[in-house]
Trainee: 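This structure is in structure tokens; I'll ask about it shortly.
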Amino acid sequence: MSNILVNIKGLNSQEFPKGVTPLQIMTDTKGVSKDSIICKVDGVLTDLSAQLSNDCELQFMDSKSKDGHSVLLHSTAHLMAQAVKRLFPKTKVTIGPYLENRFYYDFDVETPFLEEDLAKIEAEMVNISNENLEIIYEVKSRDEALSFFDNIEEDYKVEIINDLDEDEILKVYSQGEFTDLCRGPHVPSTGTIKHFKLLSSSAAYWRADENNQTLQRVYGTSFQNEKDLKKYLNMLEEQKKRDHRKIGKELDLYFFDDEVGPGLPLWTPNGAVMIDQLEALAKEKETASGYLRVKTPHLTKGELYEKSGHLKHYISSMYPAMDVDGIDYYMKPMNCPHHHKIFANTPKSYRDLPYRLSEYGTCYRYEKSGELFGLMRVRSMQMNDAHIYCTEEQFKDEFIGVCNLYMDYFKIFGIEKYEMRLSLHDPKGLGEKFIDNAELWKKTEDDVRNALKSANLKFVESVGDAAFYGPKIDVQVWSSIGREFTLATNQVDFAVPERFDLTYNDNDGTSKTPLCIHRAPLGTHERFIGFLIEHFGGNFPLWLAPKQVIVLPVSDKYNDYAEKVTKDLKSKGIRAYLDKRSEKIGSKIRDAELQKINIMIIVGEKEVENKTVTIRRRFIKEQKELSLDNFSNEVLTEINERRVSN
RNA sequence: GCCUGCGUAGCUCAGUAGGUAGAGCACUUCGUUGGUAACGAAGAGGUCACCGGUUCAAUCCCGGUCGUAGGCUCCA
């Protein structure tokens, strides 16, 4: 038998007999970490049980590496599937991929899993892990694989195989009695998987299609050691504490009421302050950037949405029409058609462009009940909306201008974790989901891509996520429990202006149709505030905080002075409150801390005498005594600069 | 919209083999007048989400409705 030369990364090259497996090399070679669970052969992720037949470069990896962790997660999904099959033999398995730090597996089961079931499954997983079953794979022909899975009645696997390309190499993994179709690779044995936790179970549709069978999805996580697992689970717990639904209640920012309706938030005085601040910021920025503000009604005839195409594309998520004197009226689901009307109301010259109309109009959308989610997904929403009408030549600058505007906002809020997504059309949806003009789509998408590239903005592309009238840039963020949301959006519309006969006279005297950019850098104010609540964990920067200052008299004796101080601050526009309760100072401080109020002012005998205030900032025990004027000047500066740090 | 779970005081939560409920915090009043994360006492507060059914009797069991949670689907 001939030998092959294996260059083990981090060690020397060594000769091994042809057909040797990385697992054998790992066991026999000093210096290779016994924690390795997977390897790369010439850069390709490979099972440790794969036979090596050529000279190669071999890199061992443990599950601390990103690739290694993905494999561990994936193998844990298989481990779970095996446990499920043991406990519920009639289950049919489907797919079980890994995600970031998590995995899931979808099962077709007779009855959905309950929480007790998850505990049972987890216990069986521990058993299988202890059995330390070797995980091996075989390459099968299409026919062999089909007859195998058909025989064990794994219908979904049969369907998957039938849908795969003819030349796809089919791998079948086995661990003990459990066999699954899978691309792999996997860890060498079930004993490798020791530190895992099932997180939740829920429903999911087969192939993500709501017309298909409902499956049960179980999510879980898995790590190389107990410490990392605990750390991750702790992190999840910590994140839950930032949930805007929880903090929104604790800080009394907004609520929903059964008699008002689901998805229709009521903003309390505290929350309304935040909306006001957001609006003030946006108005300031937009005025500086040449936007003109408009106001339009909440209710409009169906005719308008017929023309815009919204009725065709979105009727199922609009509130049903109300009949007024025999005519259908709708709650407005977006502002654009109204803005188009305003554009068209007076003749436009090329000198008027770019023409930027902005409005924080409240729109109403009948989101499906199951889609509602705190402030992130609501049925009445205030859009941070504007439409920019411009020439093709102006398009690039305007588009980049909008992107820069929201980057500017993100900087103000210290938002760093987001992803810009260029959403493109899917040619398959032309004429249906997307306006039927393949050439124009291509041209516009290229324009947007080029604009982004020239501005050095990083982005990913996503086919099929465009609006029906054009491509868009969405800024994606994640809620504290990990759900993804579009926070800001910037969209090109090459179709609707024409439907509205929007024109301008160009410098050569001809009439032309402008392009329209729909943009909402702060998305909806509901969602943006929801996001900010989680982003700051309720610890808002001073300028945004509903309650900026609370005055705490040491005892009732100093209430008069405290009252004077509070009044003075209020007169300067500072959101100051007074806590006159007959409580000890420690108790008042505790309550102010729990309410996450930025600044506490303590006044007692000393302050009355010195005509000063002693301040204590949220989370900071050190105190500072200074004159009221100095204090209010400092506070006003911090507010005006919209400073983010504490 | 779909699947499953959940819904008890303003909030966080106990509780009842089916006999109409309880704590802590918050609130009100009284006492206390205190210097940096909980002063003490008393009081008030509930159609146990709603509607029906079973039962002598339902907060509890059954059905429906509404809301909500986790996901899926959708998101102009």
Side-chain angles (χ1 to χ4, degrees), chain A residues 104 106 109 111-117 199-219 243 245-246 249-250 252 255-259 261-263 305 308-318 332-337 363 365-374 376-377 381 383 385 423 433 465-470 472 474 481-483 485-486 489 491 493 496 518 520 524 527 552-559 581-594 600 602-607 614-616 618-623:
Chain A
Y104 69 82
D106 285 347
V109 284
T111 45
F113 295 130
L114 301 174
E115 224 172 294
E116 314 75 281
D117 295 325
L199 300 169
S200 64
S201 77
S202 59
Y205 300 112
W206 169 235
R207 301 212 145 153
D209 185 335
E210 61 186 325
N211 301 311
N212 284 347
Q213 177 74 30
T214 296
L215 306 172
Q216 289 302 308
R217 174 171 298 182
V218 180
Y219 284 94
D243 193 316
R245 294 167 299 182
K246 183 172 151 63
K249 203 180 270 181
E250 285 165 358
D252 187 21
F255 64 97
F256 295 95
D257 184 278
D258 282 3
E259 284 184 303
Y305 299 122
S308 67
H310 288 97
L311 270 184
K312 177 182 168 199
H313 287 276
Y314 301 109
I315 188 154
S316 65
S317 42
M318 284 167 69
K332 77 169 162 186
M334 83 303 296
N335 304 303
C336 29
C363 295
R365 295 181 186 174
Y366 182 71
E367 306 284 8
K368 291 188 206 165
S369 60
E371 287 153 359
L372 300 176
F373 178 69
M376 303 296 201
R377 198 73 182 273
M381 66 212 80
M383 317 278 287
D385 212 0
S423 298
K433 201 177 167 199
D465 281 325
F468 74 84
Y469 47 65
K472 55 180 182 166
D474 290 325
I481 61 164
R483 285 199 196 168
F485 287 97
T486 298
T489 186
Q491 312 172 350
D493 184 342
V496 183
H518 304 237
T524 72
R527 180 177 293 177
L552 312 176
V554 172
S555 89
D556 292 353
K557 283 192 269 180
Y558 316 108
N559 278 359
R581 292 173 307 161
S582 253
E583 289 291 342
K584 299 208 325 198
I585 190 68
S587 169
K588 293 184 190 180
I589 287 170
R590 182 184 142 83
D591 289 341
E593 287 279 2
L594 291 175
M600 285 159 253
I602 288 103
V603 293
E605 192 175 350
K606 188 173 68 176
E607 288 77 11
T614 294
I615 69 165
R616 170 188 165 128
R618 183 176 63 197
F619 306 140
I620 301 173
K621 287 205 164 162
E622 292 96 89
Q623 306 133 45

Trainee: Is Asp209(A) paired with Arg207(A) through a side-chain N to carboxylate O contact shorter than 4.0 Å?
Mentor: no
Trainee: Taking atom P in both rU59(B) and rA49(B), what distance in whole Å separates the two?
Mentor: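 Comparing P positions in rU59(B) and rA49(B) gives a spacing of 9 Å.
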Trainee: Pick base, sugar-phosphate or nothing for Glu250(A), based on heavy-atom distances below 4.0 Å to the nucleic acid.
Mentor: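 Answer is nothing: Glu250(A) stays at 4.0 Å or more from every strand.
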Trainee: Under 4.0 Å between a side-chain N or O of Arg581(A) and OP1 or OP2 of rC39(B)?
Mentor: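 No, no such contact exists.
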Trainee: Between rC39(B), rU12(B), rG70(B), which one does the side chain of Lys249(A) approach most closely?
Mentor: rU12(B)
Trainee: Tell me the closest heavy-atom pair linking Asp106(A) and Arg217(A), and the distance in Å.
Mentor: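 Taking Asp106(A) first and Arg217(A) second, the nearest heavy atoms are OD1-NE, 2.7 Å.
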Trainee: Would you say that Pro553(A) contacts Lys588(A) through its side chain, given a criterion of any heavy-atom pair below 4.5 Å between the two side chains?
Mentor: yes
Trainee: Nearest nucleotide by nearest heavy atom, which residue falls closer to the 5' end of RNA chain B, Cys336(A) or Asp209(A)?
Mentor: Asp209(A)
Trainee: Do the charged groups of Lys368(A) and Glu210(A) touch, with an N to O distance under 4.0 Å?
Mentor: yes
Trainee: With the side chain of Ile602(A) defined as its heavy atoms from C-beta on, choose the nearest nucleotide among rG71(B), rG67(B), rU36(B).
Mentor: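 In terms of side-chain proximity for Ile602(A), the closest of rG71(B), rG67(B), rU36(B) is rU36(B).
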Trainee: Any luck finding a side-chain donor-acceptor pair between Ser201(A) and Gln216(A) under 3.5 Å?
Mentor: no
Trainee: With rounding to whole Å, what would you report as the distance between rG64(B) and rU73(B) at their C1' atoms?
Mentor: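 Nearest-Å result for rG64(B) against rU73(B) at atom C1': 25 Å.
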Trainee: Would you measure the distance from the C1' atom in rU55(B) across to the matching atom in rG18(B) and give it in whole Å?
Mentor: 9 Å
Trainee: Taking all non-hydrogen atoms of both residues into account, name the closest pair between Ala467(A) and Gln491(A) and its distance.
Mentor: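 Shortest heavy-atom contact: CB-OE1, 4.4 Å.
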Trainee: At under 4.0 Å between heavy atoms, what does His310(A) touch on the DNA or RNA strands: base, sugar-phosphate, or nothing?
Mentor: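 If one applies the 4.0 Å heavy-atom cut-off, His310(A) turns out to touch a base.
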Trainee: Using a heavy-atom cut-off of under 4.0 Å over every strand shown, decide if Lys433(A) touches base, sugar-phosphate, or nothing.
Mentor: sugar-phosphate
Trainee: Please report the distance separating the C1' of rC62(B) from the corresponding atom of rG1(B), rounded so that it comes out in whole Å.
Mentor: 26 Å
Trainee: With rounding to whole Å, what would you report as the distance between rA21(B) and rC48(B) at their P atoms?
Mentor: 9 Å
Trainee: Report yes or no: is there a donor-acceptor pair, N or O only, under 3.5 Å between the side chain of Glu607(A) and the base of rG35(B)?
Mentor: yes
Trainee: Under 4.0 Å between any heavy atoms, over every strand shown, what does Arg616(A) touch: base, sugar-phosphate, or nothing? Just pick one.
Mentor: base
Trainee: Under 4.0 Å, heavy atoms only, any strand: does Gly586(A) hit a base, just the sugar-phosphate, or nothing?
Mentor: sugar-phosphate
Trainee: Classify the side chain of Thr489(A) and the base of rA76(B) as holding, or not holding, a donor-acceptor pair under 3.5 Å.
Mentor: no
Trainee: Tyr558(A) near the nucleic acid: base, sugar-phosphate alone, or nothing, with a heavy-atom cut-off under 4.0 Å?
Mentor: nothing
Trainee: Looking at rC75(B), does its base get a donor-acceptor pair with the side chain of Arg377(A) below 3.5 Å?
Mentor: yes
Trainee: Within the structure shown, what part of the strands sits under 4.0 Å from Gln216(A) by heavy-atom distance: base, sugar-phosphate, or nothing?
Mentor: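 Sugar-phosphate, backbone atoms only, no base.
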Trainee: May I ask you to say what Leu199(A) touches in the nucleic acid, namely base, sugar-phosphate or nothing, with a heavy-atom cut-off under 4.0 Å?
Mentor: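 Counting heavy atoms under 4.0 Å across all strands, no contact is made by Leu199(A).
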Trainee: Check the angle between the aromatic planes of His310(A) and Phe468(A) and answer parallel, tilted or perpendicular using the 30° and 60° thresholds.
Mentor: perpendicular
Trainee: Considering only the P atoms, how many Å lie between rU16(B) and rC74(B), rounded to the nearest integer?
Mentor: 44 Å
Trainee: Want to settle it: does Asp591(A) or Gly261(A) sit nearer the 5' end of RNA chain B, counting the closest nucleotide to each?
Mentor: Asp591(A)
Trainee: Please state whether the phosphate of rG70(B), meaning OP1 or OP2, lies under 4.0 angstrom from any side-chain nitrogen or oxygen of Tyr104(A).
Mentor: no
Trainee: Which nucleotide in the set rA76(B), rU68(B), rG34(B) lies at the smallest distance from any side-chain heavy atom of Lys557(A)?
Mentor: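 Closest of the options to the side chain of Lys557(A): rG34(B).
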Trainee: Mind checking if Ser587(A) touches a base, just sugar-phosphate, or nothing, with heavy atoms under 4.0 Å?
Mentor: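 Answer is sugar-phosphate: Ser587(A) comes under 4.0 Å of backbone atoms only.
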Trainee: For rA38(B), does either OP1 or OP2 sit under 4.0 Å from a side-chain N or O belonging to Lys584(A)?
Mentor: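 So the side chain of Lys584(A) is outside the cut-off, no N or O lying under 4.0 Å from OP1 or OP2 of rA38(B).
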Trainee: Of the listed nucleotides (rC72(B), rG34(B), rG1(B)), which one gets closest to any side-chain atom of Ser369(A)?
Mentor: rG1(B)
Trainee: Considering only atom C1', compute the distance from rG45(B) to rU28(B) and round it to an integer number of Å.
Mentor: 10 Å
Trainee: Of the listed nucleotides (rC72(B), rU36(B), rG34(B)), which one gets closest to any side-chain atom of Asp556(A)?
Mentor: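 Closest nucleotide among those given: rG34(B).
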Trainee: For rA69(B), does OP1 or OP2 lie under 4.0 Å from any side-chain N or O of Arg245(A)?
Mentor: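 Yes.
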Trainee: Please tell me which of the listed nucleotides, rA76(B), rG1(B), rC3(B), lies nearest to the side chain of Pro112(A)?
Mentor: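 Looking only at heavy atoms from C-beta outward on Pro112(A), the closest nucleotide is rC3(B).
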Trainee: Spell out yes or no: do the side chain of Tyr205(A) and the base of rG1(B) have one donor N/O and one acceptor N/O closer than 3.5 Å?
Mentor: yes
Trainee: Heavy atoms under 4.0 Å, any strand shown: does Tyr469(A) hit a base, just sugar-phosphate, or nothing?
Mentor: sugar-phosphate
Trainee: Quick one: is Ser582(A) getting a side-chain N or O under 4.0 Å of the rC39(B) phosphate, OP1 or OP2?
Mentor: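 The answer is no; no side-chain N or O of Ser582(A) sits under 4.0 Å from OP1 or OP2.
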Trainee: Would one find a side-chain N or O of Arg483(A) under 4.0 angstrom from OP1 or OP2 of rG70(B)?
Mentor: yes
Trainee: In terms of side-chain heavy atoms of Lys368(A), which of rC74(B), rC3(B), rG35(B) is nearest?
Mentor: rC74(B)
Trainee: Name the nucleic acid region contacted by Glu593(A), choosing base, sugar-phosphate or nothing; use a 4.0 angstrom heavy-atom cut-off, strictly under.
Mentor: base
Trainee: Of the non-hydrogen atoms in Arg616(A) and Ile602(A), which two are nearest, and what is the gap between them?
Mentor: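 Taking every non-hydrogen atom into account, CB-CD1, 4.1 Å.
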Trainee: Quote, to the nearest angstrom, the C1' distance that separates rC11(B) from rG19(B).
Mentor: 30 Å
Trainee: Determine the minimum heavy-atom distance between Asn212(A) and Trp206(A), stating which atoms define it.
Mentor: ND2-O, 2.8 Å
Trainee: Consider the side chain of Arg590(A), meaning its heavy atoms from C-beta on, and name the nucleotide among rU36(B), rA37(B), rG70(B) that approaches it most closely.
Mentor: rA37(B)
Trainee: Look at the side chain of Ile589(A) and decide which nucleotide, out of rG1(B), rG5(B), rU36(B), has an atom nearest to it.
Mentor: rU36(B)
Trainee: Figure out the CG/P separation between Asp257(A) and rU68(B), and round it to whole Å.
Mentor: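 Rounding to the nearest Å, CG of Asp257(A) and P of rU68(B) are 11 Å apart.
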Trainee: What nucleic acid atoms does Ile481(A) come within less than 4.0 Å of, heavy atoms only: base, sugar-phosphate, or nothing?
Mentor: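 The residue Ile481(A) makes sugar-phosphate contact but no base contact.
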